[in-house]
Amino acid sequence: MSNILTLQHVKKTFSNGGEDLHVLEDINLEIAGQSTVVLTGDSGSGKSTLLNLIAGLDHLTSGEVRVKEYEIQNLSEVELTHYRMFTIGLVFQFHYLLKDFTAIENVMLPAYIAGKKRDKALSLAKDLLKQVRLENRMDHYTGQLSGGERQRVAVARALINQPDIILADEPTGNLDEDNSRVVEDMLFSLVEQYGKTLLLVTHDRSLRSRGTYHFHLEKGVLKEE
């Protein structure tokens, strides 16, 4: 299967008080479609920075990031918005749900913004919330949901527009062990079920075996394990 994600000689440097901080050093990576990738690394190793570059949320210092036909470093803001809406789904450590919206409203919103009619967006959201076993919590507001439930809503939201790639940044970092396993199982299961590619960033090295590929990032250098 052809590559869906390619990184070539990616570097990221931040300037801090007149000094350059080299966060990512010459990252090269090729990922085939419908694979699962676990990227581990300690806090400060550059994991989230790498994910932000792939998502187009930050700018490269040098190198190339290609996702499908998109060359991320060359996209305009309008093109990046389209890319983030339809090609990638994002799951963060913090759920970022809208507190004044119910679970189903949070899930359906990206589809509605993308141009789906309300009834269609609502139907898609219902199906996804059933997939994450929240059919009895659809009309509950964010504050009425547990931490694990909120993150399951976030997973459903990331899938609503049927993106090609799910980028997950420490998606269970704020959860206890039991809820972490539930969210992890659902995430890996849904990605397989829908034929998506998953790039999961975590400090939890116990997740290495769950990926088709495992890479480790240390001091800005990426190694396959």
Side-chain angles (χ1 to χ4, degrees), residues 3-16 19-75 77 79-81 83-96 151 154-155 158 163-174 183-184 187-188 191 196-225:
N3 292 331
I4 193 171
L5 170 64
T6 303
L7 278 66
Q8 293 184 318
H9 306 297
V10 169
K11 294 184 179 182
K12 180 62 180 179
T13 301
F14 292 100
S15 294
N16 183 17
E19 295 185 4
D20 288 338
L21 178 63
H22 302 289
V23 179
L24 297 174
E25 297 276 7
D26 198 31
I27 303 294
N28 293 280
L29 180 65
E30 293 184 348
I31 301 298
Q34 298 184 22
S35 57
T36 54
V37 181
V38 175
L39 173 61
T40 58
D42 295 333
S43 178
S45 61
K47 305 186 304 300
S48 294
T49 298
L50 182 59
L51 219 61
N52 286 340
L53 293 176
I54 297 170
L57 297 172
D58 200 355
H59 298 287
L60 300 167
T61 299
S62 62
E64 297 181 0
V65 175
R66 188 178 305 110
V67 179
K68 295 185 67 181
E69 72 275 18
Y70 295 102
E71 295 181 356
I72 307 305
Q73 65 279 356
N74 296 329
L75 297 182
E77 287 303 317
E79 291 169 330
L80 280 171
T81 298
Y83 163 72
R84 287 192 290 261
M85 188 175 294
F86 295 106
T87 305
I88 61 171
L90 294 165
V91 183
F92 298 101
Q93 181 173 351
F94 187 70
H95 51 78
Y96 292 114
Q151 204 64 332
V155 170
D164 298 284
I165 301 180
I166 300 296
L167 303 176
D169 189 0
E170 299 277 10
T172 61
N174 287 330
V183 171
E184 288 159 6
L187 183 55
F188 279 94
V191 165
K196 307 303 179 186
T197 300
L198 172 66
L199 177 55
L200 173 71
V201 163
T202 180
H203 66 276
D204 185 358
R205 291 176 69 88
S206 69
L207 290 175
R208 288 179 298 179
S209 61
R210 303 207 63 166
T212 311
Y213 306 99
H214 169 234
F215 296 89
H216 187 70
L217 193 59
E218 185 173 357
K219 295 181 179 179
V221 177
L222 187 68
K223 298 178 181 179
E224 184 172 6
E225 295 188 344

- request: Output, in order, the C-alpha distance, side-chain angles, deciding distance and verdict of side chain to side chain contact (heavy atoms under 4.5 Å, CB included) for F215 and L199.
  value: CA-CA 10 Å; F215 296 89; L199 177 55; over 6 Å; no
message: Within this structure, what is the CD-OG1 distance for the pair Q34 and T212, rounded to the nearest 0.5 Å?
response: 10.5 Å
- prompt: Between the side chain of D20 and the main-chain N/O of S15, is any donor-acceptor distance below 3.5 Å?
  reply: no
task: Report the distance from atom CG of D164 to atom NZ of K68, rounding to the nearest 0.5 Å.
output: 3.5 Å
statement: When rounded to the nearest 0.5 Å, the distance separating NE2 of H22 from NZ of K219 is 14.5 Å
- line: Separation between CD1 (I88) and OH (Y83), nearest 0.5 Å, reads 4.5 Å
Within 6.0 Å of CD in E19, more than 12 heavy atoms from elsewhere: no
field: Side chain proximity check, K196 to I165, heavy atoms < 4.5 angstrom
entry: no
query: Any side-chain heavy atom of E71 sitting closer than 4.5 Å to one from E64?
result: no
query: Would you say L53 and I72 make side-chain contact, with heavy atoms under 4.5 Å?
result: no
Step-by-step side-chain hydrogen bond (donor to acceptor under 3.5 Å, both in side chains) determination, T40 to H214: CA-CA 8 Å; T40 58; H214 169 234; 2.8 Å; yes
- prompt: So, for L7 and L5, which heavy atoms are closest and what is the spacing to 0.1 Å?
  reply: CD1-CD1, 3.4 Å
query: Under the side-chain hydrogen bond (donor to acceptor under 3.5 Å, both in side chains) criterion, do S48 and D169 qualify, and how do the steps go?
result: CA-CA 7 Å; S48 294; D169 189 0; 2.8 Å; yes
task: Could you tell me how the ring of Y96 sits relative to the ring of F92: parallel (under 30°), tilted (30 to 60°) or perpendicular (over 60°)?
output: perpendicular
task: Might you point out which heavy atoms bring Q8 and N28 nearest each other, and give the distance in Å?
output: CA-OD1, 3.5 Å
task: Decide yes or no for H203 and S43: does some side-chain heavy atom of the first lie under 4.5 Å from some side-chain heavy atom of the second?
output: no
- line: Checking L200, L51, L50, T202 against L39 for side-chain contact (heavy atoms from CB on, under 4.5 Å), the one that qualifies is L50
- line: Here the gap from L29 atom CG to T6 atom OG1, rounded to the nearest 0.5 Å, amounts to 8.0 Å
message: So, taking the atom named OG1 in T61 and the one named NZ in K11, what distance separates them when rounded to the nearest 0.5 Å?
response: 9.5 Å
- line: Heavy atoms of A154 and H95 approach each other most closely as CB-O, 4.1 Å
field: T197/S35 under side-chain hydrogen bond (donor to acceptor under 3.5 Å, both in side chains): CA gap, chis, key distance, verdict
entry: CA-CA 5 Å; T197 300; S35 57; 4.9 Å; no
message: For a quick test of reading the model, state the closest non-hydrogen atom pair linking P171 to V91 and the distance between them.
response: CB-CG1, 3.9 Å
message: Strictly distance-based, threshold 3.5 Å: is any side-chain N or O of R84 a donor or acceptor partner for the main-chain N or O of G56?
response: yes
message: To check you understand the geometry: which heavy-atom pair defines the closest contact between D42 and K47, and what is its length?
response: O-NZ, 3.2 Å
- prompt: Considering only heavy atoms from C-beta outward, does the side chain of F14 approach that of D58 to under 4.5 Å?
  reply: yes
field: Test item: E224 side-chain N/O and Y213 main-chain N/O as donor-acceptor pair under 3.5 Å
entry: no
message: Which heavy atom of A158 sits nearest to which heavy atom of P163, and what is that distance?
response: O-CG, 3.3 Å
